[in-house]
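Structure record follows, encoded as structure tokens.
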Amino acid sequence: MTDGHRLPTETGRAFADFKDKAPNWCPGCGDFGVLGAMQRAAAELDLDPDRTVLVTGIGCSGNVTAFFRTYGFHGVHGRALPAATGIKLADPALTVLVAGGDGDGFGIGLGHLVHAARRNLDVTYIVMDNQTYGLTKGQVSPTSAQGFVTKTTPDGSPDAPVDALALSLIAGATYLGVGFSGDIKRLTELIKGAVRHEGFSLVQTMSPCVTFNKTNTFSWYKDRLVDLEAEGHDPTDRAAALHQVTRTDGRIPHGLIFRTERPPLHRAVGVLGGREAAPATEDLEFTLRSRAADLKALRDRFA
Amino acid sequence: MTDGHRLPTETGRAFADFKDKAPNWCPGCGDFGVLGAMQRAAAELDLDPDRTVLVTGIGCSGNVTAFFRTYGFHGVHGRALPAATGIKLADPALTVLVAGGDGDGFGIGLGHLVHAARRNLDVTYIVMDNQTYGLTKGQVSPTSAQGFVTKTTPDGSPDAPVDALALSLIAGATYLGVGFSGDIKRLTELIKGAVRHEGFSLVQTMSPCVTFNKTNTFSWYKDRLVDLEAEGHDPTDRAAALHQVTRTDGRIPHGLIFRTERPPLHRAVGVLGGREAAPATEDLEFTLRSRAADLKALRDRFA
Amino acid sequence: MGRFEASPVSVRRTVHERSSGVRIPAPDERGGSSSWRIGGLAGEGIDTAGDLLAKAHVRAGRHVWVTRHFPSRIRGGLTTCTVRVAGHPVAAPSGVVDVLVALHADGADPVKQSLRPGGILLYDESAVTPPDGPTDHEWVALDATGMAKALGEPRARNTIMLGASARILGLDMTVLEDVVVERFGKKRDEGRLSEVAEKNLAALKEGFDGVADVSPPPRPLPPETPRQGDLFLSANEAFAYGALVAGCRFYAGYPITPATTIMEYLAATLPRFGGVCLQVEDEIAAANMAIGAGFTGARAMTATSGPGLSLMAEAMGLAGSTETPVVIVDCMRPGPSTGMPTKTGQEDLSFLLHGGHGEVPHVVLAVEDLASAFTTAIDAFNLAEHYQCAVYVALDLALSMGKGDTPPFDVDGVVLDRGKRFARVGATEGAGAPETGEGYARYRETADAIPLRAVPGDVGGRHYANSTEHDERGYTTEVPATRVAMVDRRNRKLGDIDTLHQGLIFEGDKDAPLGIIAFGSPVPVIREALALARPQGVAGELCVMRRLLPLPRAELDAFFDRHERVLVVEGNSTAQLLSHLRAHCPEAHRAESLLKYDGDPFRVDEVLAAVMRPSEVTA
Amino acid sequence: MGRFEASPVSVRRTVHERSSGVRIPAPDERGGSSSWRIGGLAGEGIDTAGDLLAKAHVRAGRHVWVTRHFPSRIRGGLTTCTVRVAGHPVAAPSGVVDVLVALHADGADPVKQSLRPGGILLYDESAVTPPDGPTDHEWVALDATGMAKALGEPRARNTIMLGASARILGLDMTVLEDVVVERFGKKRDEGRLSEVAEKNLAALKEGFDGVADVSPPPRPLPPETPRQGDLFLSANEAFAYGALVAGCRFYAGYPITPATTIMEYLAATLPRFGGVCLQVEDEIAAANMAIGAGFTGARAMTATSGPGLSLMAEAMGLAGSTETPVVIVDCMRPGPSTGMPTKTGQEDLSFLLHGGHGEVPHVVLAVEDLASAFTTAIDAFNLAEHYQCAVYVALDLALSMGKGDTPPFDVDGVVLDRGKRFARVGATEGAGAPETGEGYARYRETADAIPLRAVPGDVGGRHYANSTEHDERGYTTEVPATRVAMVDRRNRKLGDIDTLHQGLIFEGDKDAPLGIIAFGSPVPVIREALALARPQGVAGELCVMRRLLPLPRAELDAFFDRHERVLVVEGNSTAQLLSHLRAHCPEAHRAESLLKYDGDPFRVDEVLAAVMRPSEVTA
Ligand SMILES: Cc1ncc(C[n+]2csc(CCOP(=O)(O)OP(=O)(O)O)c2C)c(N)n1
Ligand SMILES: Cc1ncc(C[n+]2csc(CCOP(=O)(O)OP(=O)(O)O)c2C)c(N)n1
Ligand code: SF4
Ligand code: SF4
Ligand SMILES: [Mg+2]
Ligand SMILES: [Mg+2]
């Protein structure tokens with residue numbers, strides 16, 4: 001922190017401190033619950049809005065950046081994780097949250113998800129899964145069930161859904177939780193755990209689209225969610241986690257599925273050259289002068 | 001087959017019938033063995049070169065299109081599977097083979113792999129995995145081990161490798177085999193099984209790069225491969241397959257890992273409108289005239 | 001001076017600058033047309049009401065243009081639908097509204113909604129409170145909410161307002177009843193109606209009875225000239241239908257506003273013709289799939305908007321290098337980046353012209369109205385197969401989502417050009433013996449530079465389509481002379497396109513001093529502006545660009561030669577079309593530029609203001 | 001006529017057309033420079049031999065330019081390395097070789113390898129069989145294979161040939177010994193040598209002793225003018241080093257020829273300065289990561305070639321919309337599509353200028369030699385942060401992979417421009433009170449249209465960077481006036497770039513009738529051609545374009561004004577630079593075009609042929 005402008009701000013923030021523009025989602029949209037949980041988690045963790053960045057892709061869910069009062073980066077569709085990678089590595093002192101939809105994350109952005117997970121990028125990724133493309137008015141999504149009928153799949157979707165939980169686990173996510181917009185309390189705890197966790201954490205959240213998905217409704221989810229805690233699931237047990245994410249009984253595990261420790265990308269040898277947390281706004285002019293000798297030595301290697 | 005030009009050709013083809021340009025890989029490159037197995041498999045299956053398309057991405061491995069004598073489509077880096085999807089769906093009567101490298105398939109192209117697998121696209125995908133980027137002269141690849149030192153990772157790769165086998169299984173591949181360039185016989189059988197299989201088949205092949213990868217050599221692989229047949233593995237058992245692809249003993253399963261039946265994309269309801277195998281060169285002029293009434297009825301819906 | 005670097009001799013003008021003080025009346029104010037607008041929240045049936053009214057007008061023999069205005073979010077934002085009706089063909093909003101229907105308070109702001117002084121504001125009194133005191137407008141109250149509840153169909157508020165509108169506009173109720181019945185239930189003569197149709201018919205009547213006759217009516221309805229079978233649809237629908245007729249049998253796409261309705265139409269229809277329509281993981285996949293399908297000989301297409309088009313940049317080159325036919329539609333919306341997803345603009349032109357990296361011969365067409373949407377679809381597939389290249393088609397949101405009437409498309413007159421096919425031509429063209437395939441070379445030089453195309457399944461046509469530079473058989477090469485020959489042939493092959501395709505349509509007065517050049521949705525607006533300018537003594541010739549690349553150079557030069565003043569009208573901020581013309585036609589350096597880039601379509605009065613020099617307006 | 005649609009007044013010429021019959025001598029043939037080439041299979045130490053010889057020349061005070069020629073496959077194809085040495089700075093191949101060294105039969109074709117009549121062909125007699133009978137060349141045999149085996153270092157064939165070359169060329173052995181020792185072992189005065197260094201020293205001597213003196217030498221060596229600390233490197237290395245000095249602290253990239261060496265250099269050096277260098281999954285990720293890093297205030301970059309650039313098209317718009325500084329380097333190779341990965345060209349210009357969809361204000365710079373590679377890196381980062389936009393830098397393979405000498409870069413003279421930063425400026429610029437943040441608006445209008453930039457961590461600078469069109473605080477908007485204001489501000493902000501950055505470099509004779517315009521690797525070739533033309537009575541002025549966008553309009557107009565004949569030289573088939581100039585400068589319509597697109601760099605004689613009109617050549 002070479003720049004004086006990074007002054008500490010007061011702590012003890014409340015829910016309201018993370019409110020920004022009023023959300024313009026449809027009344028009843030699942031995303032309200034997710035936003036609420038994010039705001040509660042931020043307040044309870046006492047995140048510093050000036051040192052937190054929320055990175056989103058494009059979708060109804062992606063619009064959350066405008067409603068959540070931290071620094072925000074609303075990138076292009078499907079590329080929230082790459083943008084977040086640049087942000088986190090350039091300034092590891094920042095808390096980086098990433099949010100978006102099932103299409104954004106598991107459709108167009110699927111490759112980045114796997115690559116971010118295997119790198120154990122230290123961000124918290126909250127996917128608001130409504131099993132449809134909300135913003136473009138209800139087409140099939142990668143998590144839609146086979147046979148799902150939409151205007152682009154009038155005979156039903158021919159594709160088996162992307163198994164986002166199992167893929168993320170295999171890909172190397174070190175924190176994996178499933179939340180539900182209808183259970184803000186548990187979702188808040190999952191998000192808090194994810195932010196505290198150092199490494200790639202995915203909070204896959206069931207967040208119904210009340211306008212375009214008349215199948216996967218709040219009650220549809222309620223009927224299928226199983227409480228992992230009640231089931232006595234041990235999230236540190238990889239085999240048990242694998243078992244949960246490959247369930248064939250049609251139930252959706254709800255809660256913390258998996259957690260493990262592995263050095264995150266920004267602590268890997270060579271990635272940051274040993275710097276703990278260099279601020280992005282490093283005083284380059286100063287470095288240029290103070291390390292001129294090193295720079296010239298490098299130059300003279302070419303002589 | 002409305003067009004008369006699709007005449008049958010003589011059958012009983014030999015290995016040599018699938019030879020095209022002489023390969024220009026480095027002497028000793030693993031890809032020679034893969035090409036040989038492909039040619040043997042093609043001959044033994046008596047594939048019709050005029051009705052077979054080999055689709056490749058960019059890489060040393062991708063150059064195989066010029067050496068294998070069928071129709072060939074050498075697309076852009078990482079997009080062989082999408083091109084193959086268009087080819088297979090436009091003319092399901094074609095046999096479509098796809099080949100490429102680990103970078104092409106598991107790096108830039110990873111998203112397409114998962115999506116092709118979940119669709120159960122009926123193609124045979126042969127990945128020549130050398131755990132490096134051969135054509136661009138030896139950088140780290142998505143399957144390189146963590147710590148792998150290259151010119152772009154002088155301090156060792158910070159990333160955990162992509163677990164291509166497990167991801168493909170989870171993604172929905174219906175045929176999953178692991179071959180080795182040093183065992184052409186088994187590789188030939190795996191490829192033959194894959195081509196016969198209707199659905200998405202991945203033949204992940206260990207194919208050492210003798211020029212740029214001094215770690216993952218032929219003998220390195222030989223020391224680690226375990227013969228699945230000898231182990232008594234049952235490829236129809238999904239749990240056993242999952243167990244194989246998530247082995248933690250550092251061994252690489254060799255042979256057929258998994259096989260199951262699921263309708264391929266081109267047989268899904270709605271995808272081909274019930275046509276079994278419409279030739280791509282359908283006589284559109286004829287359709288336009290013979291179905292003019294249907295077309296006009298559709299038009300008049302707008303009136 | 002920013003990126004727009006106009007030559008000193010020319011004039012750049014945007015519609016956003018302060019006006020010169022001269023008031024240009026909207027076209028409706030001159031009579032002959034009239035506009036009705038309904039505003040409310042998304043989900044309140046705004047579009048349905050607009051469509052029904054418009055369809056009733058079309059059935060009655062009038063011309064319409066329907067524009068939608070909605071925010072890029074699903075609910076909670078104000079949505080409006082405007083129906084302009086006229087006695088002559090129209091495809092442009094008027095900019096001024098005569099009758100405004102407000103289902104929600106946000107829709108009841110006469111200024112924001114451009115209600116003309118003296119116009120009628122029909123409102124749901126449960127949702128809207130009229131201002132105290134006198135106003136410039138006539139406020140007409142109706143308890144639509146209460147009536148709908150009483151009918152047991154609370155969602156029928158829109159239909160009630162439609163009935164009331166019919167009375168106010170002086171519209172014949174029977175046609176309106178017909179379209180309501182078609183929409184909600186069975187055809188009248190097909191027996192019993194559905195319950196919801198019954199209720200909506202009742203709602204229509206309630207609304208009609210709920211207001212008084214307005215006399216004289218706000219603006220007399222244009223005359224009826226009934227025509228047989230006129231269609232009412234959007235340019236996206238017209239294009240998608242044209243693609244189906246043209247033989248498109250493969251579509252892969254990814255949803256994006258305003259292109260999605262093309263995929264939706266084809267998803268519903270392609271399988272019935274043995275075709276494939278697939279929503280896929282992203283636009284990169286979509287483009288590569290379409291190219292793969294094109295490689296097999298299928299007519300293949302994808303459609304997208306700016307962000308997706310950017311993702312297709314690499315595929316542009318692949319189609320070029322492998323000489324694979326493919327049609328790529330860009331339904332433009334404003335950028336940069338995600339930009340304004342629900343607004344219109346013409347900002348992708350430069351990108352369409354210059355494509356991705358490297359040099360890729362391709363064709364860029366543009367659609368300017370419903371009739372050209374259909375014919376351009378046919379042209380696009382024909383040119384793609386004839387020249388074995390990618391054909392891009394530019395639409396813009398105003399066309400993609402606007403709806404209007406057009407005479408029925410001529411399906412019988414459609415002619416297909418499948419190009420030079422190995423299967424048909426066989427051993428000609430120096431292709432050697434097709435039976436053995438030894439003599440055939442996919443990329444061999446020919447007289448017209450177009451190679452002979454074989455597809456998988458063609459016995460003896462085996463070859464290698466290669467994204468890397470290649471020799472005549474497709475094998476990778478680095479021999480300089482081979483490379484140069486390949487580039488030269490590819491560059492040359494589109495050389496005769498003017499003989500196959502009419503790239504420019506000239507309309508109006510060739511001898512007038514004024515010439516106007518445009519493409520896309522501004523065209524109908526300009527047509528109307530020119531029609532209005534003529535009685536005022538200003539004539540002009542309009543050059544409609546249906547093809548932007550290869551540029552119809554000779555005809556353009558002649559156009560510049562015959563006009564003293566040339567105005568280039570386009571929907572972007574950097575005058576991309578003008579720059580394109582300037583790069584090729586020296587005379588274009590004296591052209592004037594009229595630009596608009598606020599997200600809304602050009603208005604007739606805006607074009608008129610630029611057409612009429614101030615001196616001419618006062619004259 | 002294909003896509004190249006030249007105006008009738010202008011002349012298009014490619015170097016590939018049949019020559020006029022007038023023979024233009026290669027520059028070496030005029031004396032003052034000389035070329036040595038070694039050819040063999042990849043893996044035979046071709047590049048090492050070339051580098052060592054070149055470095056020895058530089059140490060001795062001569063100027064060099066080293067070009068590599070290799071196929072896009074790893075082994076088995078012929079690779080050559082050519083060292084041109086001169087008494088004046090050079091950065092272009094001669095096109096003709098004086099001494100050819102063949103380690104493999106494929107490299108021993110004097111015609112293919114451009115060995116001049118009378119030139120010397122030194123060959124490994126175990127690999128090459130000379131032709132029977134008399135030839136135009138002097139064939140010198142050496143048993144390099146045998147000697148290397150005898151030395152116990154079979155891979156030292158290249159070093160043996162180097163020793164023999166030293167004798168033939170008349171080169172001082174001590175300098176050569178120095179560079180060999182540096183390359184293979186410890187510095188001489190640092191004690192014992194490594195075994196491999198010892199063996200290579202012995203090989204050098206064996207080679208030297210193995211051939212006879214050639215007198216007179218094939219071409220006298222240029223004079224030595226020893227300079228202190230001259231560097232020997234590629235433009236990629238010079239640029240990457242410049243980026244490091246400029247404070248680049250984040251690099252994400254994906255391997256691609258010929259850009260990869262930039263990433264390789266930064267991977268080895270960035271971590272030592274607390275920076276990050278990451279090879280990632282694809283170019284889409286790379287660009288978005290760099291933009292993310294730029295958003296935090298880090299100086300961030302990525303580098304790629306055509307195919308990767310195409311994949312970055314969408315990110316171009318993202319940087320534009322969010323006004324995030326980022327540097328994107330395009331090391332050009334010929335397209336279309338995968339094209340010719342190991343060849344050179346300048347075909348991406350149009351794409352760089354017009355970017356992805358929509359309208360995105362950005363800067364395009366170009367590098368033409370080693371010195372400008374370093375300074376352009378500094379400029380690129382400064383302009384990116386000053387204007388808060390993407391800066392593209394065009395290199396081409398000839399520069400990216402060519403190596404030469406240049407005076408040491410002036411690290412002390414580097415000045416950084418971090419732009420308008422909230423943290424520094426605080427409450428000025430109408431930004432309100434930074435303490436509370438309530439008054440700060442990231443995208444607020446300012447006098448020079450450049451907004452005040454805050455980055456995460458700036459207390460009170462909180463804002464929302466948005467790919468969707470937004471208001472001054474970043475919130476999504478669809479208000480037409482706000483949209484227009486945003487577009488206008490973004491378009492305007494680069495307006496004063498001419499005051500900050502010298503976009504054009506003028507060299508030569510302002511009063512001559514001839515003016516030449518070019519950018520990139522053709523520039524040094526033209527410099528040399530002009531130097532050779534002058535003694536023959538043809539003078540000219542060269543306009544080097546360091547900045548292609550925004551176009552330095554005024555200076556270009558003046559350049560056209562002062563030259564009767566203007567020639568635009570570029571490495572593509574459709575005259576992209578000329579089209580760009582024509583779109584903006586009416587006078588450019590009379591310019592002539594010289595094009596080359598076979599994958600090889602321009603040669604001095606090719607440019608000379610276009611510079612000298614046939615009448616002038618015979619004069
Ligand atoms: C490159 C690109 N393609 C397409 C779009 C259009 N688009 C916007 S949001 C979206 C998908 C939304 O679905 P999801 O990610 O599930 O988010 P939701 O709206 O359901 O929350 C699409 C396809 C775009 N903005 N950019
Ligand atoms: C879009 C794009 N990016 C980068 C490249 C450069 N490139 C060519 S092949 C390749 C990777 C090769 O690795 P792999 O796929 O493992 O194939 P291998 O050569 O090892 O067989 C790369 C990065 C390219 N051609 N296109
Ligand atoms: S469309 Fe669906 S996801 Fe979008 S805001 Fe409405 S309910 Fe939510
Ligand atoms: S570089 Fe490696 S992968 Fe490529 S041809 Fe040589 S050995 Fe094979
Ligand atoms: Mg969704
Ligand atoms: Mg590889």
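Chain letters run A, B, ... following the sequence lines, proteins first and then strands; every chain starts at 1.
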Practice prompt. Could you give me the CA-CA distance, side-chain angles and deciding distance for Lys596(D) and Glu606(D), then say whether side-chain contact (heavy atoms from CB on, under 4.5 Å) is met?
Written response: CA-CA 9 Å; Lys596(D) 179 166 186 170; Glu606(D) 290 167 341; 2.9 Å; yes
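- When side chains are defined from C-beta on, Val329(C) does not count as touching Thr304(C), because their heavy atoms never get closer than 4.5 Å.
- With a 4.5 angstrom heavy-atom cutoff, Arg490(D) touches chain C only via side-chain atoms.
- Note: Pro307(C) leads Gly317(C), Ala313(C), Pro307(C), Ser350(C) in heavy-atom pairs under 4.5 Å with chain D.
- Comparing Cys585(D), Gly320(D), Gly345(D) by how many heavy-atom pairs each has under 4.5 Å with chain C, the most go to Cys585(D).
- Contacts with chain D were tallied for Thr477(C), Val484(C), Asp348(C); Val484(C) has the most, counting heavy-atom pairs under 4.5 Å.
- Applying the side-chain contact (heavy atoms from CB on, under 4.5 Å) test to Ala319(C) and every residue at least two apart in sequence or in another chain returns Ile291(C), Val326(C), Ala390(C).
- Ranking Met332(C), His580(C), Gln576(C) against chain D, the residue ahead of the rest is Gln576(C), based on heavy-atom pairs under 4.5 Å.
- A heavy-atom distance below 4.5 Å is found between the side chains of Leu311(C) and Ile284(D).
- In terms of heavy-atom pairs under 4.5 angstrom with chain D, the leader among His357(C), Lys343(C), Met312(C), His470(C) is His357(C).
- Salt bridge Glu323(D)/Arg489(D): present, at least one basic N to carboxylate O contact under 4.0 Å.
- Looking at Thr482(D), there are no atoms closer than 4.5 Å to chain C (heavy atoms on both sides), in backbone or side chain.
- Residue with the most contacts toward chain C among Val479(D), Ile497(D), Asp488(D), Thr322(D): Asp488(D) (heavy-atom pairs, distance under 4.5 Å).
- Asp600(D) touches chain C through its side chain: at least one heavy atom from C-beta onward sits under 4.5 Å away, while N, CA, C and O do not.
- Comparing Gly306(D), Gly335(D), Gly599(D) by heavy-atom pairs within less than 4.5 Å of chain C, the highest count is held by Gly306(D).
- Two residues are said to be in side-chain contact when any heavy atoms from C-beta on lie closer than 4.5 Å; Arg582(C) and His584(D) fail this criterion.
- The shortest side-chain heavy-atom distance between Thr342(C) and His69(C) does not fall under the 4.5 Å cut-off.
- Proximity of the aromatic rings of His16(D) and Tyr597(D) is defined here by a centroid distance below 6.0 angstrom, and this criterion is met.
- Counting heavy-atom pairs under 4.5 Å between each of Gly339(D), Gly308(D), Gly355(D), Ala315(D) and chain C puts Gly339(D) at the top.
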